[in-house]
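Comments concern the structure below.
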Protein chains: 2
Amino acid sequence: MVTLEDVARQAGVSLATASRVLNGSTRQVGAALRARVEQAADELGYRANIAAQTLARGASNVIGIVVHDLTDPYFAALADGAMRAAATEGLLVMVGTTHRDPEQEIAYVATLNAQRVRAVLLVGSRVADPAVTGRLRDELARYQAGGGRAACVGQDLLGVDTVAPANRQGAAELARALAGLGHTRFAVLAGPPHLVTAADRCAGFVEALEELGLPAPQVIHGPFDRDGGYAAASQAGDATCVFAVNDVMAVGALAAYRERGVRVPDDVSVAGFDDIVTLRDHVPALTTVRLPLKDMGARALELALGEGDPAVVEQVAGEVVLRESVRRMT
Amino acid sequence: MVTLEDVARQAGVSLATASRVLNGSTRQVGAALRARVEQAADELGYRANIAAQTLARGASNVIGIVVHDLTDPYFAALADGAMRAAATEGLLVMVGTTHRDPEQEIAYVATLNAQRVRAVLLVGSRVADPAVTGRLRDELARYQAGGGRAACVGQDLLGVDTVAPANRQGAAELARALAGLGHTRFAVLAGPPHLVTAADRCAGFVEALEELGLPAPQVIHGPFDRDGGYAAASQAGDATCVFAVNDVMAVGALAAYRERGVRVPDDVSVAGFDDIVTLRDHVPALTTVRLPLKDMGARALELALGEGDPAVVEQVAGEVVLRESVRRMT
DNA sequence: CTGTTAGCGCCTTCAA
DNA sequence: TTGAAGGCGCTAACAG
């Protein structure tokens, strides 16, 4: 491996001079020496050792992003938004996947702390387990105590800057829109009860129906993914309208109905949440609540990098999008 | 930030001893001292500084993955496979996104080299530009000269271990299957001419038709994404069967037909390539060529980490999956 | 503008 | 088993 010293020697200058021309210093170097150093570096194929730079500078130029599952388009979109923002700041990105294991999430924060990354982004729903949340908070606090910056996309449970989708309000608005179409008998494919995002969306939906004086919906719990939606749909009773707490589940539900010969929206209306781009061409087109996922990811990074000493919590509103998967009741 | 030295002092031992108990050394430390060190580390909230470790050890435990676009499920699946494999090896992952800019790809290899990552995975199609490919090869060679390991998923153009989807063969097999259904007039939504993956799939398809003695298909170039498929479909003439060189494009094509009232498969048959999981619930279900994406990603990491001195090239066969988006001609 | 010289935090011989 | 000390590659004062 070629080192800075090799370059300096080859160029016949001091280590410091070589460092100044090669690695973004504010200080000036004479044109002649500068040229010699650059040529030497080029000839030798020098690449700075970032570990050494990080150690010497006491600051790294990488950030960490922790998501549940990259193959879930929801997380992919969020991560992409954050990564684009990072790129514009000249930051490198380290991505960790937890596969929905909260322990993994804690372990990742510890690892990213060890890496002395500039910021860590926790993307995805918290679970309603005070013990786990407490330990995650501790780990985060330890990281922040060392000067680390953190932000999360999801619920404001960690005491860090947060981009919080307005899940309750979005679901409530959706409920009102659906009720406005004349539906009265609802079912909610609610996902796991301990997942806060799922629970909030479910609760917002249920409360709105209650305020409207409509009967309480049937609530069916299950996994938060495509197969969870598929399975839950099979248990729904005589509802005329089914709300899956995310789009991926809604697509599973649509598949289940299709297989059973239940027509959507003729026999049953179906709605989701998120407005996943990859799913926009689905047939029938999914009614859902749109979230600006990429922006949210980018915003989370901004918050993490920003100064905001008292943790900032930004609500992000969702927008109800009515499409052909729901119909008006006559 | 607490350092190893802080811990050692607090525990009343030497730096070396603290190092040995805290950071996976093979050497033994007496139970009493070990306990004291562990307690001190815990009390102080010590987290090893990995930059320092990397520098001292001369080797890091992170790998780099470079993909074109994380929000494209094709890359997400590949990356996920590689990340799972990395996790089982205790490796951290740095993900870079090029957004299909080859310059970015080269820059990333340089950066990952600077990070002294253990291995880098280049995921995604090469472009047919000798100049760019040459510079990428140079950068890779430089990285490898310093002891770095590399592998790629895509074409064997870089002289490194490669997991190569059998694009030509897969497309040819698909062509034969489609011809077997009685189709004779084809169109290919071929993607960009300079993208090797797209070109190979197109070529394999065209050649197979030729061998079958069928008329040459209409070849329509355009972007490699959903909108590219959408646009290209609008230009297709009187073909009875359209082959989009990837699933995402095929979905775009289906959307275009739907909007124009063209029924699939009644009026036109459509096929894609990849068998993207997220798209399996699409209606009509897409005929395609299945690639074991996750396995391919994992395999690429294995190859990169392995010893194989002469670069290994592994072909991965695709499997034709006939679904309802194509029909038999009477 | 250029060179000298301490460290940055940790690992790892080498002695004890 | 334990400790002392040099060095990993680079940065950033501090001198000149």
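To find a chain, count down the sequence lines: A is the first, B the second, and so on, and within it residues start at 1. This one's a predicted model, so the numbers in the text were calculated from it and none came from an experiment. FYI, side chains are in, hydrogens and waters are out, and symmetry mates aren't considered; it's all heavy atoms of this structure.
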### Message
It should be established whether A/Asn49 places a side-chain nitrogen or oxygen under 4.0 Å from OP1 or OP2 of nucleotide D/dC8.
### Response
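Negative; the distance criterion is not met.
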> Are A/Asn23 and D/dT11 close enough that a side-chain N or O sits under 4.0 Å from OP1 or OP2?
Replying inline: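 Checking A/Asn23 against D/dT11: at least one side-chain N or O falls below 4.0 Å of OP1 or OP2.
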Problem set entry | Sub-4.0 Å heavy-atom contacts from residues 39-47 of chain B onto DNA chain D, ordered by number |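 None, since no heavy atom is under 4.0 Å.
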Give the nucleotide from the list [options] with an atom nearest to the side chain of [X].
X: B/Ser19; options: C/dT12, D/dC10, C/dG9; result: C/dT12
X: A/Ala16; options: C/dC1, C/dG3, D/dT11; result: C/dG3
X: B/Gln28; options: D/dT11, C/dT2, D/dT1; result: D/dT1
X: A/Gln53; options: D/dT1, D/dC10, D/dC8; result: D/dC10

Practice prompt. Output yes when A/Asp69 and A/Arg100 qualify as a salt bridge under the 4.0 Å nitrogen-oxygen rule, no when they do not.
Written response: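 Salt bridge absent between A/Asp69 and A/Arg100.
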Let me know, please, whether B/Gly30 or B/Arg57 comes out on the 5' side of the other along DNA chain D by nearest nucleotide.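 It is B/Gly30, whose closest nucleotide lies nearer the 5' terminus.
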| task | Hey, which sits more toward the 5' end of DNA chain D by its nearest nucleotide, B/Val13 or A/Leu15? | result |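 Mapping each residue to its closest nucleotide by heavy atoms, the 5'-most match is B/Val13.
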Notebook entry, point to check: Below 4.5 Å, heavy atoms only, C-beta onward: do B/Val93 and A/Val95 meet side chain to side chain?
Noted result: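 No. Closest side-chain heavy atoms not under 4.5 Å.
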Checking only heavy atoms, does the side chain of B/Arg20 share a donor-acceptor pair with the base of D/dG3 at less than 3.5 Å?
->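 Yes, a donor-acceptor pair under 3.5 Å.
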Derivation and outcome, side chain to side chain donor-acceptor pair (under 3.5 Å), residues B/Gln155 and B/Thr197: CA-CA 8 Å; B/Gln155 291 78 35; B/Thr197 296; 2.8 Å; yes
